[in-house]
Amino acid sequence: MNRSQLRPAFTLVEILVALAILGMLVAAAVVKVNSALTHSQVSVAQLFVRQSLQTPLTTYRIDMGDYPTTDESLQALYTAPADKADRWHGPYADGKLPNDPWGEPYHYKYPGTHNVGGYDLWSSGPDHTDGTADDVTNW
């Protein structure tokens, strides 16, 4: 076989280098997508605790004279508390009470510790641990 009959081809080293570069690009893309997903989950939780329940809780307060107690919880927006069924004009929110983006229930406390005269509403955040820096709160 002479040189003119040889077909140009990639060497094994060139193929391995190309695969290594491709692997690094995929790894960088996965990290970027994961970061964007975490950021969007935090944004959803912030929207819920700071805005989405504000109107239903205010409407409940107007009808009932006060916010739901800690024991009644946010469930009082969806089903009438047993001792207040005569004044309850709900449901005050659509659907059912959602969990936070990490699958955990939202926390509610009235009267609030952080919002004196109001209510505290928060998610434990991505680490599922209450009282840490990644908590999403309405205060």
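Computed from a prediction, not measured in an experiment: that's the story for all the values here. We use all heavy atoms of the structure for the numbers below, so side chains are in, but hydrogens, waters and symmetry mates are not. Position 1 is the first residue of the sequence, and the numbers go up from there.
You'll find the ring centres of F48 and Y106 inside the 6.0 Å limit.
Taking CG from D135 and OG from S124, the interatomic distance works out to 5.5 Å, rounded to the nearest 0.5 Å. Between the NE2 atom in H114 and the CG atom in L121 there is a gap of 12.0 Å [rounded to 0.5 Å]. The CG atom of L74 sits 6.5 Å away from atom OH of Y108, with the distance rounded to the nearest 0.5 Å. Distance CG/L57 to CG/L77: 5.0 Å, rounded to 0.5 Å. Atom NE2 of H128 sits about 5.5 Å away from atom CD of E104, to the nearest 0.5 Å. Rounded to the nearest 0.5 angstrom, T59 OG1 and Q54 CD are separated by 10.5 Å.
Smallest separation of non-hydrogen atoms from S73 and P68: O-CB, 3.5 Å.
K109 pairs by the salt bridge (Lys or Arg N to Asp or Glu O under 4.0 Å) definition with nothing, not counting sequence neighbours.
Inspection of the S123 and H107 side chains reveals no N or O donor paired with an N or O acceptor under 3.5 Å. When only modelled atom types and interatomic distance are considered, D120 and N138 share no side-chain donor-acceptor pair under 3.5 Å. Checked by atom type, the side-chain pair D127/T132 shows a donor-acceptor distance below 3.5 Å.
Residue pairs meeting the salt bridge (charged side-chain N to carboxylate O under 4.0 Å, His left out) criterion with at least one partner in residues 64-78, sequence neighbours excluded, are E72-K84.
Looking at Y92, its side chain never comes within 3.5 Å of a backbone N or O of L53 through a donor-acceptor pair. A donor-acceptor pair under 3.5 Å links the side-chain atoms of W88 to the main chain of A76, judged by distance alone.
Side-chain atoms of D63 and H89, non-hydrogen and from C-beta on, do get closer than 4.5 Å to each other.
Open room surrounds CG on D94; 12 or fewer heavy atoms of other groups in view lie less than 6.0 Å from it.
Put simply, M24 and L16 are part of two different groups of oily side chains (I, L, V, M, F, W, Y) that touch within less than 4.5 Å, one to the next. The hydrophobic cluster containing L22 does not contain V17, counting ILVMFWY residues as joined when their side-chain heavy atoms lie under 4.5 angstrom apart, directly or transitively.
Here the rule is ring pair (Phe, Tyr, Trp, His ring centres under 6.0 Å) with Y119, and of Y60, Y110, Y67 only Y67 fits it.
The other members of the hydrophobic cluster of W122, by chain and number, are W139 (side-chain heavy atoms under 4.5 Å, ILVMFWY only).
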